[in-house]
Every structure is written in C-alpha cells, then in structure tokens.
Amino acid sequence: MIRIGLVSARPVPPALLQHASELLSAVADDVVTADTSRPGWSGVTVEGVARPGAAADVDVALTAELRGPATALGVDVAVTAGPLAADGVGLLVMDVDSTLITAEVIELLAEHAGTREQVAEVTERAMRGELDFAASLRERVATLAGLDAGVVDAVREAVELSAGARELVAAVHERGGKVALVSGGFLEVVGPIAEDLRIDHLTANRLEVEDGRLTGRTTGPVVDRAAKERHLRAWAAEDGVPLERVVAVGDGANDLDMLGAAGLGVAYCAKPVVQEQARAAVTFPRLDAVLGLLGR
C-alpha cells in the first residue's frame, strides 16, 4: 500500500490531485482517491497497491516529486507506505508548547515576572536551533525566581489547546493507537492537560519550588532534543509498536531528532529549519490535519 495525503486550509486544487494520481499510477495499481476533509481543512487521499519491483524508497521519491508543486499551491503533502499506510498509527508522539497548545508556557509564566519579552527572544532563538536547548531553558527559568507558585495555576487556566488537538488524539485512540506527549515545558501545566485527553505517556520538565515560590531552577533531567528521541523509542518498544508506525509532531529544532526517528515526522506550523528537514508538514493551524496527511 502506498498512500498520498494532501491537506490545505483551502480546497485542494484539482490539477494537483490529478498530478498526484498520475505519479502514483506509474508505480501502483488499483489507484483510488477519497475525500478526507474535516471542519477547518480540506483533504484528499490517493492510494494504491505498489507493483512488484517498486523501489523500497518509493514514498521518498514521490514526496520529492510532489512537495514542490504542492507547496507552491499552498497544500501540504505526505506519502506513506508499508506498515504505517497498511495498519495506521500505532503511536503518536507530540511536542506540547506551540504544537498541542497554542502558546509557550515559559512565556506565559514570564509574563507574571515581567520578563516575557526577554524570554520570548531566547525561546525563538532556541526553537530555530541557534541556542543549546538545555542552556536556554536554564536562562529562561532563572527569570522566574521568586514568583509565587500559585502563578502556575493561573497559567494552566490560560492555556488553550490548538485547533484540532482533541480531535487528533481521539481519532488515534479510536483506531487503537497510543498517544504520548514529550515536552520541554513543565509537568505542572502539561499534566492536567494530559489527564484530560487521556494521554498514554508523558514526560516534561519540573519547576523547583521552595517555600511556596519558584526558585528559578528545574528539578531532574532536562527534557531536551536528545531526551525527546529517547522517550519516543522507549515508548514504542514498551507498546510493541515498530518505529515505522510511529508518527511524531513538533515545531522546534529540539524536536528534530524525534521527527527523524519516527516513521513519519510532521513539522507543525514550524520554524523553517524544521520544515526543511521533516518528512512532512502542516503549515496551517489545524492539528488534526495530520490525519489528512495520513489519509485517514
């Protein structure tokens, strides 16, 4: 099975759909198309059965053929094959800040400390890959020293899920898959969100508190770029899911290792460096459009 998923905030142009169908027909039989649109976005899938002798990396070749014209038309594309196309997502691993939720939690906390502008600048550089994530986290968290720990509750109340986040998680669960969150943000905020969404696996940084106030430090190992990949691999092994059936979604440079380790890595409304290196992207703010990339 080979599947091409096309998604856009606008209707998918018929000419692009025709081009995708012709490309797939050159390497597959029984090619069919289907509408995968959901509220907020348009989607079309083209799928077929690979002919004997088709190249093992046919999905990579098709992606290379389609990505240029699709991007020019404002359409996002992913090509899947093998176990992911045949059996669907076994494990979905997502970043949290600016992916599952609309904001960066560290910036919401910094607002209360009067350091949001300073923190936002450092966050932006870290997400572009210009700064070491662990060092940048220490620098940003240090600006929170002395804040009343109750501020965390206020920030938690202010957090909003990205459009389509709840629908994406529900769809993966309904089809028997597991969902994990791996966050460079903070467990104190992410934990209740994960509980509400019935997330299967979770890891995040922890804020240190003494005498009811933030110390400006974190506790425990930092969840950085390398840790995100390690957790993805460990959860896949724990769940008995081959990496080919793992989908990872993130927006920053610290997500690149886990995006590369997954069967399909999706850059979500991401920094240019992430879009350039990820196998696929969703460039408009509907997280459940990941389902359309998978043709589901």
Side-chain angles (χ1 to χ4, degrees), residues 3-9 12 34-45 75-80 83-85 87-103 105 159-183 185 189-204 228 231-232 235-236 239 241 243-252 255 258-259 261-270 274-275 278-296:
R3 181 177 292 116
I4 299 170
L6 302 167
V7 297
S8 177
V12 175
D35 191 316
T36 58
S37 302
R38 288 178 173 236
W41 53 272
S42 297
V44 182
T45 186
V75 178
D76 299 322
V77 60
V79 183
T80 53
L84 182 57
D87 303 321
V89 181
L91 173 65
L92 170 67
V93 182
M94 290 187 287
D95 174 44
V96 177
D97 291 21
S98 297
T99 300
L100 182 77
I101 63 175
T102 59
V105 167
V159 164
E160 296 181 357
L161 290 176
S162 295
R166 192 175 296 276
E167 290 85 349
L168 174 58
V169 171
V172 173
H173 277 154
E174 286 168 5
R175 293 162 187 166
K178 299 291 184 67
V179 181
L181 300 179
V182 57
S183 177
V189 174
V190 179
I193 297 171
E195 184 176 354
D196 175 54
L197 294 174
R198 300 174 64 186
I199 298 300
D200 302 285
H201 305 288
L202 167 66
T203 191
K228 288 189 172 191
H231 282 290
L232 179 149
W235 290 329
D239 294 337
V241 175
L243 289 175
E244 292 85 354
R245 292 186 59 210
V246 177
V247 174
V249 185
D251 74 297
D255 297 315
M258 75 169 186
L259 297 184
L264 181 67
V266 181
Y268 177 71
C269 295
V274 184
Q275 287 195 37
R279 279 274 308 280
V282 171
T283 58
F284 57 96
R286 284 293 311 196
L287 194 54
D288 57 343
V290 171
L291 297 170
L293 290 180
L294 296 167
R296 299 288 176 171

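Because the structure is a prediction, the values reported are computed rather than measured.
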(message) Is there a side chain to side chain contact (heavy atoms under 4.5 Å, CB included) between Val282 and Val266? Walk through the geometry before answering.
(response) CA-CA 7 Å; Val282 171; Val266 181; 4.1 Å; yes

Does the side chain of [Y] come within less than 4.5 Å of [X]'s, by heavy atoms?
{"X": "Leu168", "Y": "Met94", "answer": "yes"}
{"X": "Tyr268", "Y": "Asp95", "answer": "no"}
{"X": "Glu244", "Y": "Leu84", "answer": "no"}
{"X": "Val89", "Y": "Val290", "answer": "no"}
{"X": "Leu291", "Y": "Glu167", "answer": "no"}
{"X": "Arg166", "Y": "Leu161", "answer": "yes"}

Exam field: side chain [X] to backbone [Y], donor-acceptor pair closer than 3.5 Å:
{"X": "Ser37", "Y": "Gly43", "value": "yes"}
{"X": "Ser162", "Y": "Thr99", "value": "yes"}
{"X": "Asp196", "Y": "Ile193", "value": "no"}
{"X": "Arg245", "Y": "Ala236", "value": "no"}
{"X": "Thr283", "Y": "Cys269", "value": "no"}

(request) Only one of Ile4, Val12, Leu293 passes side chain to side chain contact (heavy atoms under 4.5 Å, CB included) with Val77; say which it is. (result)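 Only one of Ile4, Val12, Leu293 forms a side chain to side chain contact (heavy atoms under 4.5 Å, CB included) with Val77, namely Ile4.
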
(message) Checking side chain to side chain contact (heavy atoms under 4.5 Å, CB included) between Val172 and each of Asp200, Val179, Leu294, Val247, which is the one that passes?
(response)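 It is Val179; the other options fail the test.
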
(message) Testing the 3.5 Å rule here: is there a donor-acceptor pair between the side chains of Asp288 and Trp41?
(response)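 Result is yes, a qualifying pair exists.
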
Residues which pass salt bridge (Lys or Arg N to Asp or Glu O under 4.0 Å) with [X], listed by chain and number, not counting sequence neighbours:
{"X": "Arg175", "answer": "none"}
{"X": "Asp251", "answer": "Lys271"}
{"X": "Asp35", "answer": "none"}

(message) Please evaluate residues Leu202 and Val190 with respect to the criterion side chain to side chain contact (heavy atoms under 4.5 Å, CB included), reporting the C-alpha separation (whole Å), side-chain torsions for both, the decisive distance (0.1 Å), and the verdict.
(response) CA-CA 9 Å; Leu202 167 66; Val190 179; 3.4 Å; yes

(request) Applying side chain to side chain contact (heavy atoms under 4.5 Å, CB included), run through Val44 and Thr36 and close with a yes or a no. (result) CA-CA 5 Å; Val44 182; Thr36 58; 5.5 Å; no

